[in-house]
Amino acid sequence: MTVRRRWSPTGLALAVPTALFVLGPLGFLVWMGLAQERADFLERAQDLDLPMVVGQVALLATLTTVWAGALGVPLAWLTVRTDLPARRLLHWLAPLPLAIPPYIGALVYQILLAPGGVLPNFLGVTSLPLNLYGVGGAAWILGLFTYPYLYLLVSGALERTNPALEEAARGAGLSPRRVLTRVTLPLLRPSLLAGGLVVFLYSWADFGVVSLLRVRTLTTIIYDYIQGTADWALPSALSILLTAITILVLLLQLRVLGRAGYTQIVGAVKPAPLVSLGAWRWPAFAYVGGMVTLTLLLPLGVLGYQASRLSASDMGAFALTQWPYLVNSLWTAVAGASLALLIALGVARSEGRGRAWRVSGLLQVGYAIPGTVLGLGLAGFLHATLPWIYATPLALIVAYVVLYITPAFQAVKAALAQLHPSIEEAARSLGRGPLAAFHAVTLPLIKPGLVAGWLLVFVLSMRELAATLIVRPPGFDTLPVRIWTHAMDVGPEPRAAALALALVLTIALPWFALLSRRLRGISPSM
Amino acid sequence: MELLTLDRVTKRYDPDQPPAVDALTLTVEQGEILALLGPSGCGKTTTLRLIAGFEVPDSGRVVIRGATMAGPEGWIPPEARGVGIIFQDYALFPHLTVAENVGFGLHHFGRSARQERTRQILALVGLESFALRYPHELSGGQQQRVALARALAPAPALILLDEPFSNLDADLRAQMREEVERILRNTGTTGIFVTHDQEEAFTLADRVGVLNEGRLEQLDAPETIYHHPATLFVAEFVGAADFLPGLVTPYGIVTELGVFANTEAWKIGEKVKVMLRPDDVTFVPSSVGDGMIIRRDFRGPETLYCIRLPSGQRVHSSQASSSLYPNGTRVRAEAHLIHVVTFPV
């Protein structure tokens, strides 16, 4: 509403501290990084073999993106636009692997393929001729468990494609195959790019998978440094390098997407007619079914099998000792999701419509910061400025809010955008004040969007590993931290599998709820 | 009695742009129905929003029932103005039933009083049996009625309608127009509606205000607007019109289609434009006629002919469709003006 163009005190009270917690950690890192003497840094970079490491991460991210694209894009087209058998069920199953964090995926394939694992034992050999521990293995796993990001965006775009455009191309004399290459695929460009970017940046900034598979990347180097030494300068400098490249890639995306308008303005879109696969129907089904097996059934089965090797009495005692960590995870994730949503709602409302400069843009910077970097920056920033938050569970909640305020904000924004301003104005003209109108009309109408946003942040916080490892107070472990520590210290043994299964099942429930709400168009976060 | 007064109300959205509403002054009487007519972007919707309280005027004063709603003394928010609105998209609350929508503005009533009033208003718009439906289960016309009922329920002094019929099919539009007028008249409610459809403005309103670029060009009864447009803009925007060049002489205004009375006392020797409505122009086919039919638009009951005069000037003539003449027919055109309306060249 035009009346409320100015920032409300509530909006400012929410936005300013959040902006502080986004910018503070980055500022701290820049400050610490600059303290590093240049000559000294170059020498140590030499020792670390930094160009090789950066090249290796870039290779990993590229391989993962290509692999995820090869998995996700055909799947999206098959389930949305063809007469694939059971396409509705598969369309619903395809995003589910997101409930399995990639580091758990790494654990699964360790259990399965590592020397002494399930498959070598089954085959009666000590080790398999393929090596999981390396860039190839990491890319395999990251691709398997991040392809749903691409799938969600591309299938959403395919569903929204106006079939009249394709019919117009047919009318202009193009064959179906040419229509696919000349119209359908080019129209998917923004979603392909956006999805590819999410996967690229995820693997670029990943910590969990690469640390478990012993791949040396910037994140693992930073983490090892923090653990081993009290030296902040070098990890800060590396963090800035990591973030700078991330931001560069994001800016590149803006440039690529800059000019062409891809919004297809249409009234009611009728669904496009399905492409008949003919003889390819069942091979395609086998391919899709194989993917679902590889990314969903196999991991759950392997985790269940491995966990079941723990004897019942051991399991009881183990559950008792690990119970507090689940509680830690739950309440910090609930607090983080609630806080993120409240802030997002406050900021979105205050910004109103059609303002040029937006605080939300600033808040979204948190989305671009890799978890390891944010963990380091936040720990240092809190230590320096707010010691009473540092090393308390509150710091974890702050980290979740900073990392995931963007998906929360997008959910709120999307919900509010569905609402025509005249709805609230109608309530005002019928004698309700601004707050009463919001409560009586706006809130009930955006509630589904708010619930979806909350669930998304909750799931993402529940599975967060990299920042949590650094920011958590000593002794305050979360479930991901326990899983990771077990897997790192002891290996992929039954206890780690049991914990991983517990985490996956805890995440899966809200994730089911989220998907059945047909949450589309909210780009998933890292 | 004056119900609403706008006194030199100005609203500017962008300092670099001309104002959306520019020193607008008008008064609306109790029980009157006023139409604000103008092309898109003329400021009519902004005017409505200024009255409702969704926009704050930069200067000027909005007075409803003698109380200043916006002005130098302060500003009253929309919820305290007692002004009902019907939005172009109806803005029905999708999560509430028809009865809950209608009862929405009655929150200060007791439960039974609210139910009684809701029932009464739904009866007025003929939707008693739809009380428990949700808005999306209704047709466009029914939704419109719910919007009307919801706005009427708190018995507002004034109802504002923003392009109320633009989302309806043509035949439904005429029917709803009649119905809305009947209900406003029966309840004695003052109404202001904005439209770009002159037919709608003419049939529904007691007075029509024509807006152009934020300024009120003319505010008059529909027939005055049509027959005596105050400005060239009004003449062109309201109804079709041709403008015939003329020269003022002692005998009257001499034009290609004859001499007309100099009713506006132009000075001798001045050049003017005489407004011709299509129904002012008649013609007879004649082999020696100097006009020629160059275009024919068949419109059912009437047919619109475009006639080229020897000078190249074109005039339009609307004729009953009982006899039709093909293109190229030579004709003798005549103009019979009851009201001579002229503008400076």
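Convention: sequence-line order gives letters A, B, ...; per-chain numbering from 1. Source: prediction; values computed, not measured.
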For the atom pair [atom1] ([X]) and [atom2] ([Y]), what is the distance rounded to the nearest 0.5 Å?
{"X": "B/I85", "Y": "A/E425", "atom1": "CD1", "atom2": "CD", "value": "7.0 Å"}
{"X": "B/F54", "Y": "A/R428", "atom1": "CZ", "atom2": "CZ", "value": "7.0 Å"}
{"X": "B/H95", "Y": "A/K447", "atom1": "NE2", "atom2": "NZ", "value": "9.5 Å"}

Interchain contact, A/A427 with chain B, by part (heavy-atom threshold 4.5 Å): both

Please look at A/I423 and chain B and tell me whether the side chain, the backbone, both or neither of the residue comes under 4.5 angstrom of a heavy atom of that chain.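 Both backbone and side chain of A/I423 come within 4.5 Å of chain B.
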
Any Lys/Arg nitrogen of B/E79 or A/R432 sitting under 4.0 Å from an Asp/Glu carboxylate oxygen of the other?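 No, no charged N to carboxylate O under 4.0 Å.
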
Using a 6.0 Å cut-off, check whether atom [atom1] of [X] has over 12 heavy atoms from anything other than its own residue.
{"X": "A/R87", "atom1": "CZ", "value": "yes"}
{"X": "B/E32", "atom1": "CD", "value": "yes"}
{"X": "B/H107", "atom1": "NE2", "value": "yes"}
{"X": "B/R8", "atom1": "CZ", "value": "no"}

Residue pair A/L430 / B/R150, side-chain heavy-atom distance below 4.5 Å: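 Yes, close enough: below the 4.5 Å cut-off.
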
In the structure I gave you, are the side-chain heavy atoms of B/F104 and A/V441 within less than 4.5 Å of one another anywhere? yes

Residue part contacting chain A, namely of B/L92, when any heavy atom lies under 4.5 Å: backbone

Report the option among A/A440, A/S422, A/S429 that has the most heavy-atom pairs separated by less than 4.5 Å from atoms of chain B.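 The option with the most such pairs is A/S422.
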
